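From a predicted model like this one, the values you see are computed outputs, not experimental measurements. Below, chain A is the first sequence line, B the second, and so on; all start at residue 1.
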Amino acid sequence: MSDTQHLYLVDGSSYIFRAYHRLPPLTDPEGTPVGAVYGYTTMLWKLAEDLDKAEGPTHLAVILDKDSKSFRNEIYDQYKANRPPAPEDLVPQFPLIRDATRAFSLPCIEEAGLEADDLIASYARAAAKQGWDVTIVSSDKDLMQLVSKGGDGVGEIDMLDTMKNQRISIPEVEEKFGVGPELVGDVLALMGDSVDNIPGIFGIGPKTATKLIQEHGSLTAALDAAEGMKASKLKERLIEHRADAEISRVLVTLKEDATLPQPLEEFKLDGVPPEPLAAFLEKHGFTSLLRRLDAGAGSPSKTNDLNPAKQDNKSEAHAPTGNRQELPEWPDVDRDAYECVQSMERLEHWVARAMAARVVAVDTETSSLDAISADLVGVSLALGPNDACYIPLAHGGSDMFAEKPDQVPLEDAVAALKPLLESDAVLKVGQNIKYDLNVLARHGIHVAPIDDTMVISFALDAGRGTDGIGGGHGMDELAERHLGHTCLSFKEVCGTGKKAIPFGEVPLDKATQYAAEDADVTWRLWKMLKPRLPVEGGTRIYERADRPLIPVVAGMEREGIKVDRAALSRLSEEFATRTSAIEGEIHAIAGEEFTIGSPKQLGDILFDKLGYKGGRKGKSGQYSTDQAILERLAGEGAPIANKVLEYRQLSKLKSTYTDALQDAINARTGRVHTSYSLVGAQTGRLSSTDPNLQNIPIRTEIGREIRKAFVPEDGNVLLAADYSQIELRLAAYMADVPQLKEAFANGEDIHARTAQEMFGSVDRDTRARAKTVNFAILYGISRWGLGGRLGIEADEAQAIIDTYFQRFPGIQNYIHETLENVRERGYSETLFGRKTWFPRINSKNQAERQGSERAAINAPIQGTSADIIKRAMTRMLPALAEAGLPRVRMLLQVHDELVFELPTSDVDAASPVIERVMAEAAQPAVMLDVPLGVEIGTGTSWDAAH
DNA sequence: AAGGTCACG
DNA sequence: GACGTACGTGACCTTG
């Protein structure tokens, strides 16, 4: 059988569209866009490499569409009528496809009045008929009709999707359509195709189409059976739109007997002559391929092992990574140089020196990690390299110490330190100084002015170091990066796990080494980082947004919020009862007891024991059992799926919220105090931990029960103020989209307006789809993602995206320009100058690069929104005080929402102030031409305030 | 410690 | 040449 001929038919037209959308917008030395051509060239190269292999081609031809009209337009004038025009930078690439094909010395077939699909069908059948095997290089679903097994002197026809590197034979077709290739046309005729504008039957998608054909065996049978069906929407549609289905059946039928413009024999492959190929590669600057051609002595088919792109996956292109500077001429950290301050006299000496120095690095040591409940154990100060001290204040008390060490009494020390820490003339520098602010506030010290090395690092380098806790701005990490110094770790000093001791039990010599080192390192970091701010454009965001926010957020953390413990406790009990009942039901259905909370065990029960369909996923080879999968199973009539979903929901609510929040109530204040991280999110958003109060349930009825437990003190109410659609408003401004700006100015429903622009009409369906598309845009879109969300094919999603860009060209420009900028400079920027770095934006790893691109599209929008609410927060309490409303307390921030607690009698006066401060927060630095809408609600719970 | 899942904007 | 599919978070559970 070794002399079997194998014909490859390359569907060039569909390939170039796919290549266009998945490759970066490359241009050749002359400025012609060539991204898609490059993709096409590498694909041909790969095919040519397979020439000598068993499965490889003996004959090959590229088939192209000649023009946009075909005989199908005569049958149905709307055929492909709503297809948007090809993107501007794709058009000049069409002729280059022919050039590329010729460069490989391959035949290129096209014929007026026929689509590439028809030529492919005719060639495939002709070749198979004379016993050749045929591989169609395409992933077009219409072509799947041709897949066949062969035998009896007839060759086999399969398909090859080079992008997914997947062979498509009969099983793959059956998997996709639920029927064999001979019935694919019937399914397609029912479901239609919005890209080609094949009508199908309105309201019937792939699922229903497959089901009908499976049940009835053919399209005609299914249509005939409609009369006998029980009354339903489906029945009506089948009857009413029968003609649509019939014309669709004709349109999807491939013409298999077209006259062949060139005989099959002429497609014989004889290697690839290098000269024309080299000339082509050179002309368009495809240098890596050119190198491979040179190295491979002529033919790509002999250069299998060379793949330069693969070898340096790690190189991160040219995005600046410079985090390191020349080290100043400082002595190395010397932990034995630090002083342990144990007398009032020495303390006063240090305070006097610090006053004179004008800058002091400060660090506090405490009994626990939680700033609100922690007790002060000691304070360290640093005035220069190795010029640092530790002032122990509450060490001893256990048998670690033979007797309590000499220490300045806490109150005396506080009195001595207070003038220094509150002096306008002395800058206090800390690493995460918000923590120290909160600790010291409990002792009546209101530290100011301040600088924070962690926040400075964030303003300079957000996104640069993606690994490590604290987003790469923790002290140990900064010390390593900027000073080449390894700090004494907390673990080394206090131990870990059960053997851990509180800092107050650490002997003074060791405590001094650790604590004073922190202050010393903080001082050095400040000396290195602070001067970079003006040089690297970080001053604006640090001085105007982040630094002033530190004491504000510290205040919010100290305020905390009251939660109704009894209400949470009741909910916990209710959830416990219900989960255990559901657990029993699930075990009954499964026929055995297992741990429902274990995705592994659950997956084995669902897919192995109970035999539901659903593939493996991920590297672990474990079944996925997430919400989307379970909802699908539930829709297919698996009773266990809904039970598991309910079980999951309730146990999540119980463990993460009703149980955990009770434990989070502070014994001293009776309230819950979250901790906000100012450097938690690369985009500039805050994040909230211990507990996270930025993800309290709201989307479901049962979840909102938890929100009801967040309450005001007697005589007060909670007030929630939300920015409405702030990110879309910012996108409308930043991308300059007149229709969206106008809609916001008029207070219109923005998703409805988008639906009108996109689909020409507004109903529930189009509005929902428009909303999804709007969000997709903000998040950096991909047609697979959008397709998944909308439940449509990726190519249909692509058509929607194209329409969106056509209607709102500003958005496309914004995305293009943002990415160009990020690729060139390495970072994105918000309207207020916040930078986020994307070191992988030019990565050769496509997944990595595309991930960075999506994040980079989103970062300026999400980040600008974060900047705005930060500005509002900083101005809020002074504005309220000025309005005579000092009793309004700002408690929480949830990205686009602020939560306040205030006397009921203050609501009327406070609401307009809050509204105004938020709405005007961008000004005067940025004058938006879109209004910022703010919605305010009040109530006796956080839920009621919405 | 990692992976899976799910709560929020 | 292959990879995974919407951005940004944090907490909890199970398992290795």
Name the pairing partner of dC8(B), where a pair is Watson-Crick or G-U wobble with both distances under 3.5 Å, or state none.
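Across any shown strand, dC8(B) pairs with dG8(C).
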Any strand is fair game: report the nucleotide pairing with dT15(C) by Watson-Crick or G-U wobble, both distances under 3.5 Å, or none.
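Check on dT15(C): paired to dA1(B), both distances under 3.5 Å.
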For a quick check of understanding: with a heavy-atom distance under 4.0 Å over all strands, which category does I857(A) fall into, base, sugar-phosphate or nothing?
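Answer is nothing: I857(A) stays at 4.0 Å or more from every strand.
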Checking all strands, does S865(A) fall into the base, sugar-phosphate, or nothing category for heavy-atom contacts under 4.0 angstrom?
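Result for S865(A) = nothing.
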[X] has a side chain; which of [options] sits nearest to it?
X: Q682(A); options: dT9(C), dC7(C), dG9(B); result: dT9(C)
X: A660(A); options: dC12(C), dG9(B), dT14(C); result: dC12(C)
X: T689(A); options: dA7(B), dT5(B), dG10(C); result: dG10(C)
X: Q649(A); options: dC7(C), dA7(B), dG9(B); result: dA7(B)

When the distance from [atom1] of [X] to [atom2] of [N] is rounded to whole Å, what number comes out?
X: I629(A); N: dT5(B); atom1: CD1; atom2: C1'; value: 12 Å
X: K870(A); N: dG8(C); atom1: NZ; atom2: P; value: 16 Å
X: R648(A); N: dG4(B); atom1: CZ; atom2: C1'; value: 8 Å
X: L44(A); N: dG1(C); atom1: CG; atom2: P; value: 12 Å

Any [X] side-chain heavy atom under 4.5 Å of [Y] side chain:
X: Y623(A); Y: L602(A); result: no
X: Y827(A); Y: E829(A); result: yes
X: E897(A); Y: Y723(A); result: no

Does a side-chain N or O from [X] land closer than 4.0 Å to OP1 or OP2 of [N], or not?
X: S687(A); N: dG10(C); answer: yes
X: Q862(A); N: dT9(C); answer: no
X: S598(A); N: dT15(C); answer: yes
X: Q627(A); N: dA7(B); answer: yes
X: S624(A); N: dT5(B); answer: yes

What distance, rounded to whole Å, do you find between the two P atoms, one in dT5(C) and one in dG4(B)?
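These two P atoms come out 12 Å apart once rounded.
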If you measure from the C1' atom in dC3(C) to the same atom in dC8(B), how many Å do you get, rounded?
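The answer is 29 Å between these two C1' atoms.
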Taking donor-acceptor contacts at under 3.5 Å, does the side chain of [X] reach the base of [N]?
X: R854(A); N: dG4(C); value: no
X: Q694(A); N: dG10(C); value: no
X: Q846(A); N: dC3(C); value: yes

Kindly state whether the ring of Y38(A) and the ring of F286(A) have centres lying under 6.0 angstrom apart.
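Here the rings of F286(A) and Y38(A) have centres that are less than 6.0 Å from each other.
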Of G851(A) and K600(A), the one whose closest DNA chain C nucleotide lies more 5'
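This one resolves to G851(A).
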Pick from D546(A), T683(A), T864(A): which one makes a side-chain hydrogen bond (donor to acceptor under 3.5 Å, both in side chains) with R834(A)?
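It is D546(A); the other options fail the test.
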Checking salt bridge (charged side-chain N to carboxylate O under 4.0 Å, His left out) for the pair E557(A)/K434(A): CA distance, chi angles, key distance, verdict?
CA-CA 10 Å; E557(A) 292 178 357; K434(A) 174 165 63 65; 2.6 Å; yes
